[in-house]
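Written below as C-alpha cells is the structure these notes are about.
Since we're looking at a predicted model, the values are computed, not measured.
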Amino acid sequence: MQQTHASEPALIADEQVRDVLIVGGGTAGWMAAAALSKSFYKKGRRIRLVESDEIGTVGVGEATIPAIRTFNEVLGIDENEFIRETKGTFKLGIEFVNWGNLGERYIHPFGVYGSPMADNIPFHHYWLKLRDAGYDTDLSDFSLSIAAAKRERFSRPKNIPNSPLAQMAYAFQFDAGLYAKYLRKFAEKRDVQRIEGKVSSVSLRQDDGFVESITLENGEVLTADLFIDCTGFRGLLIEGALKTGYEDWTHWLPCDRAVAAPCESNGPPIPYTRSTARKAGWQWRIPLQHRIGNGHVYSSQYMSDDEATSILLDNLEGKLLAEPKLLRFTTGRRNKFWNKNCIAIGLSGGFMEPLESTSIHLIQTGVTKLMSLFPDKRFSQSLIDRYNELTVFEYERVRDFLILHYKVNQRTDSTFWEYCRNMPIPDYLSNKLELYKTGGHIFRDNEELFGIPSWLAVMEGQNFRAQGHHPLSDAREASRLNEHLSKMKQVIAHCAESLPTHAEFIAQHCAHTDQD
Ligand SMILES: Cc1cc2nc3c(=O)[nH]c(=O)nc-3n(C[C@H](O)[C@H](O)[C@H](O)COP(=O)(O)OP(=O)(O)OC[C@H]3O[C@@H](n4cnc5c(N)ncnc54)[C@H](O)[C@@H]3O)c2cc1C
C-alpha cells in the first residue's frame with residue numbers, strides 16, 4: 001500500500017483523488033486549473049488540462065463583478081500586472097439604457113447606497129421616507145460608484161476611516177482570451193500539464209457508470225480519478241457521456257442568441273459596462289484599454305440573425321475590428337452540476353446570459369465549492385448532493401435577479417417586451433416584488449449573490465416603486481432627515497470629484513504596453 005503523506009490525515013492514500021483531468025481550456029478550464037494548482041502545488045496530485053486550439057473558446061466573457069477580486073487575492077495575483085496583461089479596465093457597475101422605458105437610463109452600481117443610520121434598518125428606507133414626504137431626491141446621488149462612474153473617475157478604496165472612499169467597490173472588464181492565457185501561465189508554473197488535442201470519445205466504467213477515460217483523436221487515452229467538464233456549451237462529459245439533462249429557462253430568460261463584435265475605442269475607456277435594451281434583447285458595450293467589446297443578445301423567436309447583426313453594426317461607436325461572431329445558447333442549468341466523478345464548471349453547467357456579468361463569477365464559486373468539498377475516491381453522495389444543492393440555490397437566485405430586469409419593463413414598442421412584462425415568473429421573484437411594493441422591504445436570502453443595493457437599483461431604475469417605507473424611519477423628522485441626506489450627497493459628490501480620471505488611473509498603474 002502507498003504511504004500516506006505526513007501532512008494528510010486519516011484517509012488511506014489509495015482513496016485520495018490524485019489525478020484530476022480538466023477537459024476544456026476556456027475561462028472555466030483555466031480558472032479551475034489555476035485554483036487547483038495553487039492549492040495542490042507539490043502536494044502529490046497530478047492536474048492536467050486538455051484543450052483544442054482548433055475548437056477554440058467562446059472568448060466573449062469580458063465583464064465581471066467585484067467578487068473576482070477575492071479569486072485574484074486567493075491566487076496571489078498582482079492586480080496591476082493582471083490588468084496590464086489582459087488589457088483590462090475597471091468597472092463600477094452597469095448602465096442600463098432603455099430598460100424601463102425608451103429614453104430612460106440608470107446605473108446598477110457596485111457597493112452601497114448611503115451610509116448606515118442608527119436604527120439598524122437599511123439606508124434606503126430613509127430615502128423612501130423622504131420621497132414619500134414629497135422631497136425630490138435621486139437615489140443615484142447616494143452611491144459613490146455612480147458618482148465616480150458619471151464623472152469617469154476611479155480609484156481603489158482608500159484607507160480613510162468613515163469616508164465613502166474606504167468603500168469603493170469595483171470589478172474588471174478585460175479581454176477574455178488574454179485572461180485565459182494569463183491563468184494558463186499561472187497554472188503551468190505550478191505544474192499543470194496542458195495537453196493539446198480534440199476529445200473524440202468518453203468511456204464510462206461498466207459497473208457504476210463513472211467516467212473512466214477520454215480518448216483523443218490521436219488515439220491517446222487519458223484516465224483520471226476526477227474529471228472537470230469545462231467543454232463549454234457542448235458539455236462533452238456531463239451531457240454527452242453522462243446524459244445528466246438540462247433545465248430550460250427560456251420561458252423566463254428568452255434571449256437565446258448573441259452576435260458579438262469588437263470595435264475601435266472612440267475615446268478613453270469609461271469605468272462601467274453599458275447595456276442598451278433593443279427591440280428584442282439588448283446590446284452590451286464593454287470598454288477595454290485597446291478596444292470596445294460589443295454584442296447584441298436577442299431572442300431568435302422575435303428577431304432574425306440578420307436583423308440582430310445589423311442592429312449591432314449600426315450601433316458601434318468605432319471601426320469594426322473583426323467579423324461578427326454568432327453564438328447560440330439555451331438559458332438554464334444542468335440538472336446536476338456534479339454527477340458521479342464529473343463536475344461541470346462554466347458553460348457546460350449552465351448559462352444565464354451575460355446581463356449582469358455573472359458567468360465568470362459562477363465559475364469562481366464552482367471552483368471554490370469544489371475545493372471546500374473536495375472528494376476522495378469514494379465520491380460520497382452526500383458531498384455531491386451538497387455541492388449540487390448549493391449551486392442550484394446560487395443559480396436560481398441569480399436567475400431571478402436577471403428575470404427582474406425583463407419583467408419590470410414598461411415598454412410598449414415591441415411584442416418581445418410585452419411578452420416579458422406579462423410572463424409568469426418564479427414564486428421567489430414574485431415574493432421579492434411584493435415585499436418591496438408593500439413597504440420597501442428587501443431581504444438577502446442566505447448566500448444570495450445580489451444584495452439590497454442591487455435589487456433596489458434595478459427596481460427603482462425601472463420604475464417599480466415601493467408604496468411606503470419602514471415605520472422606524474418615521475422616528476426622524478423629514479426636514480432634519482433631508483438635511484442629513486443632503487450632506488451625505490455632498491460628501492459623496494466631493495469624494496468622486498477628488499478621484500483621478502479612470503484613464504489617468506490606468507496610465508499611472510496598469511497601462512498595457514506592447515512589451516506586455
Ligand atoms: C454572448 C456571451 C457573452 C458573455 N459575456 C460574459 C461577461 O461579460 N461576463 C461573464 O462573466 N461571462 C460572460 N459570458 C460567459 C463566459 O464567456 C463563459 O462563462 C466563460 O467564457 C467560460 O466559458 P467556458 O470556459 O465554460 O467555455 P468555452 O470558452 O467554450 O471553452 C470550452 C473549452 O473546451 C474545449 N473543447 C470543447 N470541445 C472539445 C473537444 N472535443 N476536445 C477538446 N477540447 C474541447 C475548447 O477548446 C475550449 O477550450 C458570456 C457568454 C456569452 C455566450
Side-chain angles (χ1 to χ4, degrees), residues 61-96 106-115 140-160 163-176 178-179 182 268-275 284-289 292-293 354-361 364-365 449-454 456-458 492-512:
E62 303 199 310
T64 59
I65 59 173
I68 192 173
R69 290 169 49 212
T70 311
F71 187 74
N72 287 351
E73 271 161 32
V74 170
L75 295 189
I77 283 175
D78 176 90
E79 192 173 288
N80 285 337
E81 175 196 89
F82 152 76
I83 293 277
R84 247 192 319 270
E85 292 204 17
T86 59
K87 303 186 182 179
T89 56
F90 296 90
K91 175 180 169 190
L92 294 168
I94 303 178
E95 183 182 39
F96 289 91
Y106 68 94
I107 293 181
H108 166 199
F110 297 140
V112 296
Y113 287 102
S115 41
S140 67
D141 289 339
F142 297 96
S143 156
L144 176 63
S145 293
I146 296 180
K150 284 182 174 167
R151 293 167 174 81
E152 299 184 18
R153 292 179 180 272
F154 175 77
S155 183
R156 296 191 176 106
K158 294 187 192 297
N159 194 7
I160 309 173
S163 164
L165 291 171
Q167 308 270 335
M168 195 79 169
Y170 66 94
F172 314 108
Q173 305 166 128
F174 51 61
D175 181 321
L178 295 177
Y179 184 51
Y182 182 80
I270 55 175
Y272 55 93
T273 295
R274 180 174 294 138
S275 159
W284 80 75
R285 180 193 187 279
I286 302 178
L288 308 182
Q289 287 189 32
I292 300 173
L355 187 56
E356 284 282 356
S357 324
T358 43
S359 296
I360 291 174
H361 176 73
Q364 175 184 340
T365 56
L449 178 58
F450 291 100
I452 293 176
S454 296
L456 183 67
V458 177
I492 289 170
H494 178 73
C495 286
E497 284 296 335
S498 73
L499 302 175
T501 67
H502 182 225
E504 283 164 356
F505 188 89
I506 290 174
Q508 195 181 349
H509 299 280
C510 46
H512 173 83

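P453 and G111 make their closest contact through CB-O, 3.5 Å (heavy atoms, listed as atom of the first residue, atom of the second, distance). Across all non-hydrogen atoms, the minimal contact from R84 to A511 is CG-O, 3.0 Å. Considering every non-hydrogen atom in both A171 and F110, the closest pair reads CB-CE1, 3.7 Å. Closest approach of I146 to I107, counting heavy atoms only: CD1-O, 3.6 Å. Considering all non-hydrogen atoms of both residues, Y113 and S140 come closest at CE2-CA, 4.3 Å. Of all heavy-atom pairs spanning I65 and S357, the tightest one is CG2-O, 3.7 Å.
Taken to the nearest 0.5 Å, the CG atom of D141 stands 8.5 Å off from the CD1 atom of I492. From H502, atom NE2 reaches atom CZ of R153 across 13.0 Å, with rounding to the nearest 0.5 Å. Atom CD1 of I68 is separated from atom OH of Y170 by 11.0 Å, given to the nearest 0.5 angstrom. Atom CZ of F172 sits about 11.5 Å away from atom CD1 of I360, to the nearest 0.5 Å. To the nearest 0.5 Å, atom OG1 of residue T273 and atom CG of residue L355 are 11.0 Å apart. If you take CZ on F82 and CG on N72, they are separated by 5.0 Å, rounding to the nearest 0.5 Å.
Using modelled atom types, no side-chain atom of S275 and backbone atom of F96 make a donor-acceptor pair closer than 3.5 Å. With hydrogens and angles ignored, the 3.5 Å screen pairs no side-chain donor or acceptor of Q289 with any backbone N or O of P268. Of the possible polar contacts, none joining the S163 side chain to the I160 backbone as a donor-acceptor pair under 3.5 Å is found. In terms of modelled atom types and a separation under 3.5 Å, the side chain of T358 and the main chain of H361 share no donor-acceptor contact. Panel note: side chain K91, backbone T64; a donor-acceptor pair is recorded below 3.5 Å. With E504 contributing its side chain and T501 its backbone, the two residues share a donor-acceptor pair below 3.5 Å.
Residues V112 and S145 are not in side-chain contact: their nearest non-hydrogen atoms beyond the backbone lie 4.5 Å or more apart. Two residues are said to be in side-chain contact when any heavy atoms from C-beta on lie closer than 4.5 Å; P500 and F154 fail this criterion. Side-chain atoms of I77 and F71, non-hydrogen and from C-beta on, never get closer than 4.5 Å to each other. Side chains of E85 and H512 form no contact here, defined as non-hydrogen atoms less than 4.5 Å apart. In this structure, M168 and S155 have side chains that are not in contact, with every pair of non-hydrogen atoms separated by 4.5 Å or more. Between I292 and R285 the shortest side-chain heavy-atom distance falls below 4.5 Å. Annotation: side chain of I270 is not in contact with side chain of E95 (no heavy-atom distance under 4.5 Å).
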- Message: I'd like to know whether F90 forms a side chain to side chain contact (heavy atoms under 4.5 Å, CB included) with I83, so could you lay out the CA-CA distance, the side-chain angles of the two residues, the decisive distance to 0.1 Å, and finally the verdict.
- Response: CA-CA 9 Å; F90 296 90; I83 293 277; 4.2 Å; yes
- Message: Pair Y182, E81 - check side-chain hydrogen bond (donor to acceptor under 3.5 Å, both in side chains), show working.
- Response: CA-CA 10 Å; Y182 182 80; E81 175 196 89; 2.4 Å; yes
- Go through the steps for L499 and F505 under the test side chain to side chain contact (heavy atoms under 4.5 Å, CB included), then give the verdict. CA-CA 9 Å; L499 302 175; F505 188 89; over 6 Å; no
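Residues Q173 and T89 have side chains that bring a donor and an acceptor to within less than 3.5 angstrom of each other. Side chains of E62 and Y179: no donor on one and acceptor on the other come within 3.5 Å. A donor-acceptor contact closer than 3.5 angstrom links the side chains of S454 and H108.
We find that R156 and E79 are joined by a salt bridge, their nearest charged nitrogen and carboxylate oxygen being less than 4.0 Å apart.
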